Amino acid sequence: QVQLVESGGGLVQAGDSLRLSCAAYGRTFSSYAMGWFRQAPGKEREFVGGVTRSGGSTYYPGSVKGRFTISRDNAKNTVYLQMNSLEPEDTAVYYCAAVRRDYVPSTSSLYESWGQGTQVTVSS
């Protein structure tokens, strides 16, 4: 399994941008498709996007499409979540997750490894 550590969260104002990073520790990072999820208080964990093992394809739900961009650098064992035009509704703990599949699942239970999460708070 791979170990994941997120960073980059914080408090921002509506309309601002923020970039989250997820560093992976393990020798087979490129074997994992990577997903980003978020969970707000009292709500279920929500898929906000993912990237295939090579980085060649990304997937987003409608709630963030056009505002969020995911990328990865396999040489640095890191995946990124660029968030633009942030809204108060984006406030949540954000998690990265890894799964050894050749596609990006949107179902959290399919992922094998999870980071500890990083808090993103967007004020209005």
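Position 1 is the first residue of the sequence; numbering continues from there. Everything quoted here is computed from the prediction, not taken from an experiment.
- In the hydrophobic clustering of this structure, Val99 groups with Trp114; members are Ile, Leu, Val, Met, Phe, Trp, Tyr whose side-chain heavy atoms approach within less than 4.5 Å, directly or through other members.
- Rounded to the nearest 0.5 angstrom, Tyr94 OH and Cys22 SG are separated by 15.0 Å.
- Under the 4.5 Å side-chain heavy-atom criterion for ILVMFWY residues, a single connected hydrophobic cluster contains both Val48 and Val120.
- Side-chain atoms of Glu112 come within 3.5 Å of backbone atoms of Arg100 as a donor-acceptor pair (strictly under, hydrogens ignored).
- With Thr52 contributing its side chain and Ser57 its backbone, the two residues share a donor-acceptor pair below 3.5 Å.
- Within 6.0 Å of the CD atom in Gln82, the count of heavy atoms belonging to other residues, nucleotides or ligands exceeds 12.
- Inter-residue side-chain proximity for Gln119 and Thr91 is flagged as met; some heavy-atom pair is nearer than 4.5 Å.
- Ser113 contributes a side-chain N or O that, together with a main-chain N or O of Val2, makes up a donor-acceptor pair within less than 3.5 Å.
- Considering Asp73, Thr69, Leu20 in turn, Asp73 is the only one that fulfils the side-chain contact (heavy atoms from CB on, under 4.5 Å) rule with Tyr80.
- For the atom pair OH (Tyr103) and CG (Leu110), the distance works out to 5.5 Å, reported to the nearest 0.5 Å.
- Checked by atom type and distance alone, the side chain of Arg72 never pairs as donor or acceptor with a backbone atom of Gly55 at under 3.5 Å.
- Across Ala14 and Ser124, no two heavy atoms sit closer than the pair CB-CA, 4.4 Å.
- Rounding to the nearest 0.5 Å places CD of Glu44 at 8.5 Å from CD of Gln39.
- For the pair Ala24 and Leu4, the tightest heavy-atom approach, listed with the atom from each and the gap, is CB-CD2, 3.7 Å.
- Here the shortest heavy-atom pairing between Ser17 and Asn84 reads OG-OD1, 2.9 Å.
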side-chain contact (heavy atoms from CB on, under 4.5 Å), that's the test. Do Glu87 and Val122 meet it? Break it down for me. CA-CA 6 Å; Glu87 304 167 352; Val122 184; 5.5 Å; no
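- Rounding to the nearest 0.5 angstrom, the gap separating the CG atom in Asn74 from the OG1 atom in Thr28 is 10.5 Å.
- Looking only at distances, a side-chain donor or acceptor of Gln116 sits under 3.5 Å from a matching main-chain atom of Glu6.
- The minimum heavy-atom distance between Thr118 and Gly9, with the atom names listed, is OG1-N, 3.2 Å.
- The shortest non-hydrogen separation linking Ile70 to Leu81 is CG1-CD1, 3.6 Å.
- A donor-acceptor distance shorter than 3.5 angstrom exists from the side chain of Asn77 to the backbone of Gly26, with no hydrogens or angles considered.
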Using the rule given for side-chain contact (heavy atoms from CB on, under 4.5 Å), can you reason through Arg53 versus Ser30, listing the C-alpha separation, both sets of side-chain angles and the distance that settles it, and then say yes or no? CA-CA 5 Å; Arg53 295 181 293 192; Ser30 60; 5.8 Å; no
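- Using a 4.5 Å cut-off between side-chain heavy atoms of Ile, Leu, Val, Met, Phe, Trp and Tyr, with links allowed through other members, Val104 and Met83 fall into different hydrophobic clusters.
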Run the numbers on Glu89 and Ser63 for side-chain contact (heavy atoms from CB on, under 4.5 Å), then give the verdict. CA-CA 10 Å; Glu89 293 73 22; Ser63 58; over 6 Å; no
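- Note on Leu18: it clusters hydrophobically with Tyr60, by side-chain heavy-atom contacts below 4.5 Å among ILVMFWY residues.
- Rounding to the nearest 0.5 Å gives a distance of 11.5 Å between CG of Leu86 and CD of Gln13.
- In the hydrophobic clustering of ILVMFWY residues, with side-chain heavy atoms under 4.5 Å counting as a link, Tyr59 and Met34 come out apart.
- Of the listed residues (Tyr111, Tyr95, Phe68), just one forms a ring-ring contact (aromatic ring centres under 6.0 Å, His included) with Phe37, and that residue is Tyr111.
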